[in-house]
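Here the structure is laid out as structure tokens; the discussion comes afterwards.
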Amino acid sequence: MSSGIQVKPKTAVQKSKTSPLPHSAQHATKPKPSDKLNPKTIDPFGAYSRPTSAFAAIYAKGGIPCRLVHGSVKHRLQWECLPETVPFDPLLVTLAEGLRETKHPYTFVSKEGFKELLMVDGATEKAIPLLPRLVPVLKAALAHSDDEVFGRGLDALVQLSAVVGPSLNDHLKHLLTNLSRRLMNKKFREKITVALQKLEQYGGKATTAIIKSKIPTYCSVSS
């Protein structure tokens, strides 16, 4: 016996609204922020994995012969070959340019790579000829508005000074203007003062006069 109630067949539009999503769409998930730190999860066609700077592009193409290795406690660099065998030109300049990066892993690779390359035997002879190209790059890092970029630039300057010694004196005045400006900020005053003292230590007496010509309030470690 019929109740008299008729069920109308669903239209194509109604079916599309109630049909379950395809299997692939059901399991699609948005990338998590932590995925950016894991090379295994990076989608090479993803929007955030596209190089956004010259350094990032060089890194993506394998132009930097070292890679970031994530550790449970701290990260480290893994070189594809011994750093002693790597040509400083242009790698040291490229790593210095990377100091202005603000994204992971470029920040770590550029900072640690620059430091480790300067630690190899014969670094002095290899770095001195590159000073005319390194100084403008470091100057740009020291002039950067990002505090962390400035800090990396300052650390790199001290590391370079320790390696090239008095050879940096001819270029030092170009770098001191930005240090003088940051000295006005209490947050950086102690760090910059220590850096200047190390520059004086590595550069000799001539460095003291150069520093005082740009920063008259500087107190020499030898006075």
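Just so you know, these numbers come straight off a predicted model, no measurement behind them.
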Pair S213-K173, side-chain contact (heavy atoms from CB on, under 4.5 Å): steps then yes or no: CA-CA 9 Å; S213 69; K173 63 181 180 180; 5.8 Å; no

- prompt: Are the side chain of T94 and the backbone of P90 linked by a donor-acceptor contact shorter than 3.5 Å?
  reply: yes

message: Tell me whether L196 shares a hydrophobic cluster with V221, the cluster being built from Ile, Leu, Val, Met, Phe, Trp, Tyr side chains joined at under 4.5 Å.
response: yes

query: If you group Ile, Leu, Val, Met, Phe, Trp and Tyr by side-chain heavy-atom gaps below 4.5 Å, do L160 and Y202 land in one group?
result: no

query: Going by distance alone, is a donor N or O of one side chain under 3.5 Å from an acceptor N or O of the other, for E148 and T107?
result: no

message: Is it the case that atom CD in E80 sees more than 12 heavy atoms from other parts of the structure closer than 6.0 Å?
response: yes

query: How close do H75 and F108 get, heavy atom to heavy atom, and via which atoms?
result: O-CZ, 3.5 Å

- request: Salt-bridge test for K126 and D121: reply yes if a basic N is under 4.0 Å from a carboxylate O, no otherwise.
  value: no

query: Regarding E200 and S220, is there a side-chain donor-to-acceptor distance under 3.5 Å anywhere?
result: yes

query: In this structure, which one of V137, T177, L154, L99 forms a side chain to side chain contact (heavy atoms under 4.5 Å, CB included) with L142?
result: L154

field: Value rounded to 0.5 Å, distance of CG in L117 from CD in E84
entry: 9.0 Å

message: Whether R67 engages the ring of Y59 as a cation-pi pair (distance to the six-membered ring centre under 6.0 angstrom, angle to the ring normal within 45°) should be assessed.
response: yes

- request: Indicate yes or no: at least one non-hydrogen side-chain atom of W79 is less than 4.5 angstrom from one of I64.
  value: no

- prompt: Quick one: do V158 and L172 end up in the same hydrophobic cluster if we chain Ile, Leu, Val, Met, Phe, Trp and Tyr together by side-chain heavy atoms under 4.5 Å apart?
  reply: no

- prompt: Are N169 and T207 linked by a side-chain donor-acceptor pair shorter than 3.5 Å?
  reply: yes

message: I want to check something: taking the side chain as every heavy atom from C-beta on, are F188 and L183 in contact at a cut-off of under 4.5 Å?
response: no

Side-chain heavy-atom pair L179, Y218 within 4.5 angstrom cut-off: no

- line: All heavy atoms of G63 vs all of P65, minimum pair found to be O-CD, 3.6 Å

statement: Heavy-atom closest pair (A141 atom, V149 atom, distance to 0.1 Å) is O-CG1, 3.7 Å

query: Are any of the side-chain heavy atoms of H104 and L68 separated by less than 4.5 Å?
result: yes

- request: Please report the shortest heavy-atom distance between L77 and C66, naming the atom on each side.
  value: CD1-SG, 4.0 Å

- request: Drop me the distance from R152's CZ to L138's CG, to the nearest 0.5 angstrom.
  value: 12.5 Å

statement: On a heavy-atom basis, the closest approach of V164 and A127 is CG1-CB, 3.9 Å

- request: To the nearest 0.5 Å, tell me how far Q197 CD sits from I211 CD1.
  value: 9.0 Å

- line: Rounding to 0.5 Å, atoms CG (L176) and NE2 (H171) come to a distance of 13.0 Å

- line: S110 and G98 have their tightest heavy-atom pair at OG-O, 3.0 Å

- prompt: Can you find a heavy atom in the side chain of S161 that is under 4.5 Å from one in the side chain of K198?
  reply: no

message: Has R182 got a side-chain atom pairing as donor or acceptor with D147's backbone, closer than 3.5 angstrom?
response: no

- prompt: When rounded to the nearest 0.5 angstrom, what distance separates NE2 in H144 from NZ in K139?
  reply: 15.5 Å

query: To the nearest 0.5 Å, what is the distance between CD1 (I192) and OG (S180)?
result: 8.5 Å

- prompt: Taking NZ, NE, NH1 and NH2 as the nitrogens, is one of them in D146 or R100 under 4.0 Å from a carboxylate oxygen of the other?
  reply: no

Candidate pair K115 and D155, rule salt bridge (Lys or Arg N to Asp or Glu O under 4.0 Å), full reasoning: CA-CA 9 Å; K115 181 179 73 173; D155 290 340; over 6 Å; no

message: Angle between ring planes, F55 versus Y106, binned at 30° and 60°: parallel, tilted or perpendicular?
response: perpendicular

task: Show your working on side-chain contact (heavy atoms from CB on, under 4.5 Å) between L168 and V135 and close with a plain yes or no.
output: CA-CA 9 Å; L168 186 61; V135 169; 4.3 Å; yes

message: Would you say that more than 12 heavy atoms from the other residues, nucleotides or ligands in this model lie under 6.0 Å from the NZ of K212, or not?
response: yes

